[in-house]
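Read through the structure below, which is laid out as structure tokens, and then see the notes.
First the proteins, then the strands, lettered A, B, ... as listed; each starts at 1.
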Protein chains: 2
Amino acid sequence: MKTLQRRTGIALWRQVADQIRQSVLTDLAANDRLPAEAELASRFGVNRHTVRAAISALEKEGILRAEQGRGTFLNDRKRLRYPIGSRTRFSSGLAGQIRSRSGRLLSEQIIHAPKEVSDALALPPGSMVIRLATLSSADGVAVSAATSWLDAGRFEGIGAIYAGTGSITAALARYGVDDYTRQSTAVEARHASPEDLDLLGLSPGAIVLVTRSVDVDEQARPLSYGQSRFAADRVELMIGGDP
Amino acid sequence: MKTLQRRTGIALWRQVADQIRQSVLTDLAANDRLPAEAELASRFGVNRHTVRAAISALEKEGILRAEQGRGTFLNDRKRLRYPIGSRTRFSSGLAGQIRSRSGRLLSEQIIHAPKEVSDALALPPGSMVIRLATLSSADGVAVSAATSWLDAGRFEGIGAIYAGTGSITAALARYGVDDYTRQSTAVEARHASPEDLDLLGLSPGAIVLVTRSVDVDEQARPLSYGQSRFAADRVELMIGGDP
DNA sequence: TTTGGTTGTCTAGATAAATAGACAAATAAG
DNA sequence: CTTATTTGTCTATTTATCTAGACAACCAAA
């Protein structure tokens, strides 16, 4: 166990929480008991109260449960495995991992395309595009917030259809798009913005996996450009077959 | 600009720094001037000194430079774009982005394979495997720390070869592996462990992109299983063609 | 040179986080 | 029932962080 750092803007209890979340999570199995608070305190070189603050935060996250007199235990939690590939369909690929999924439309706007968007969609600069903000949940827990841009001429009114179906695939089908593939995906990771913290129900300092992707139809014409933010503690992204 | 949160274990100045890094960075171009400290303070709803602490941290990260009497300016910094696909070769794909890259061997051990590793390499449980810890840098800046596992019988002494060449592709070639492909890659994001903070030269709370991948030879036989941690503020991962 | 706007530095006080110690309350084992 | 171990709660003190205000130093343009 390595040294924690001070005067760094990250409270010790939060550094301890991050450490426990990651190292203890990989060492222990579900329902195992953690070392006692006093033991953890000396192991991390901090006061027991600092460890308690960390544990309390992890309890709120649903990762641990503390029982007076018995100890602190690891809850059962697995990350959702999201497939990312040329034929990604969110609805499929999650089969077996969750019981239900839902997509909620947060907002729909028609705007002039920023450069990044017109480039991705191969539209003339400043073309009108539809901007959809959506939130996807699995088994009632928010897992990703997304922003999508589509050609306003071609997909007028798609927001209402998405709102009704909760699925992009279904919404595109109404416009005669029977099949599409993912042309490319870029992945990065950042601290969640305050807005995403709120949408995804995360606490500050939480991490989001950000994907930016372009979907194309059978003629390789760009259909939509999207940016999704996944709660990194609930999701991993999968490229290619099972490892 | 949204609300910052208090009593959350993340100092306000660090939340402000995270916000500036992400939102201001996307709005401004290289060498643009940031809003004045007083303006930022009122925009974020904090004291000017808090903003100054944030800016000072971003200066140390090399993102901003402050000049007395003139203002604070955005430095030129782009994330490295790492291709991830079935034919990933780190050395190629980075051409044009960097001038030099290097790989350093941190440690080599021969151990009994943990379950995760023997599964990935399709070896009997408990087989002997080589565990390599490596650090990759681009233009002198550390970008990723990796741990790789290989069949100890087949690749005896590969550590020394890697140490000499700094390249996995070159090392594998010595064992008659002329070509290999990436079977699968899983991506997740976490807070960096203290060890990775140290290796990658990051500050606490920093994020790493974690990939776990299996490489296979032409007969689809697993060659190596690896886990890489990329400094998320210096790298993005690219799947498929350019977006 | 003067003016307005900017970053840099200092002091002082208020709020949050971390340490230290003591003891209560629950649990499991002898 | 007794004992050892564990989490829960309380008080007090020290150390970081945040706020508030004032003014110096520097720059660019009038």
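Nucleotides of DNA chain C that come within less than 4.0 Å of any heavy atom of chain B span, from the 5' end to the 3' end, C:dG5 to C:dA17.
With respect to the salt-bridge test (charged N to carboxylate O, under 4.0 angstrom), the residues B:E59 and B:R65 do not qualify. B:E236 and B:R81 are joined by a salt bridge, as a carboxylate oxygen and a charged side-chain nitrogen come within less than 4.0 angstrom of each other. Salt-bridge formation is detected for the pair A:E37/A:R52: a Lys NZ or Arg NE/NH1/NH2 atom is positioned less than 4.0 Å from an Asp or Glu carboxylate oxygen. A salt bridge is absent between B:R131 and B:E108: the closest approach of a Lys/Arg side-chain nitrogen to an acidic carboxylate oxygen does not fall below 4.0 angstrom.
Between the axis at the start and the axis at the end of the helix from C:dT1-D:dA30 to C:dG30-D:dC1 there is an angle of 30°, using five pairs per end and rounding to 10 degrees.
Of the side-chain N and O atoms in B:R70, one or more sit less than 4.0 angstrom from OP1 or OP2 of D:dA28.
At distances below 3.5 Å, at least one donor-acceptor pair connects side-chain atoms of B:D32 with backbone N or O atoms of B:A29.
Nearer the 5' end of DNA chain D, as judged by each residue's closest nucleotide, is the contact made by A:I55, out of A:I55 and B:Q68.
Here the closest heavy-atom approach between residue B:L40 and residue B:P35 is recorded as CD1-O, 3.6 Å. A:R234 approaches A:V141 most closely through the heavy-atom pair NE-CG1, 3.6 Å. Considering every non-hydrogen atom in both B:I10 and B:Q15, the closest pair reads O-NE2, 3.0 Å. The two atoms that bring B:L199 and B:A142 nearest to each other are O-CB, 3.9 Å, heavy atoms only.
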Nucleic acid footprint by protein, nucleotides 16-21 of chain D - heavy-atom cut-off 4.0 Å, B for base, S for sugar-phosphate alone: SSSBBB

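One atom, CG of A:D32, and another, C1' of D:dT6, lie 17 Å apart when rounded to the nearest Å.
Backbone-only contact: A:R33 has heavy atoms under 4.0 Å from sugar-phosphate atoms and none from a base.
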Check the pair A:R229, A:Q227 against side chain to side chain donor-acceptor pair (under 3.5 Å), reporting the backbone distance first and the verdict last. CA-CA 7 Å; A:R229 287 90 64 200; A:Q227 190 230 48; 3.1 Å; yes

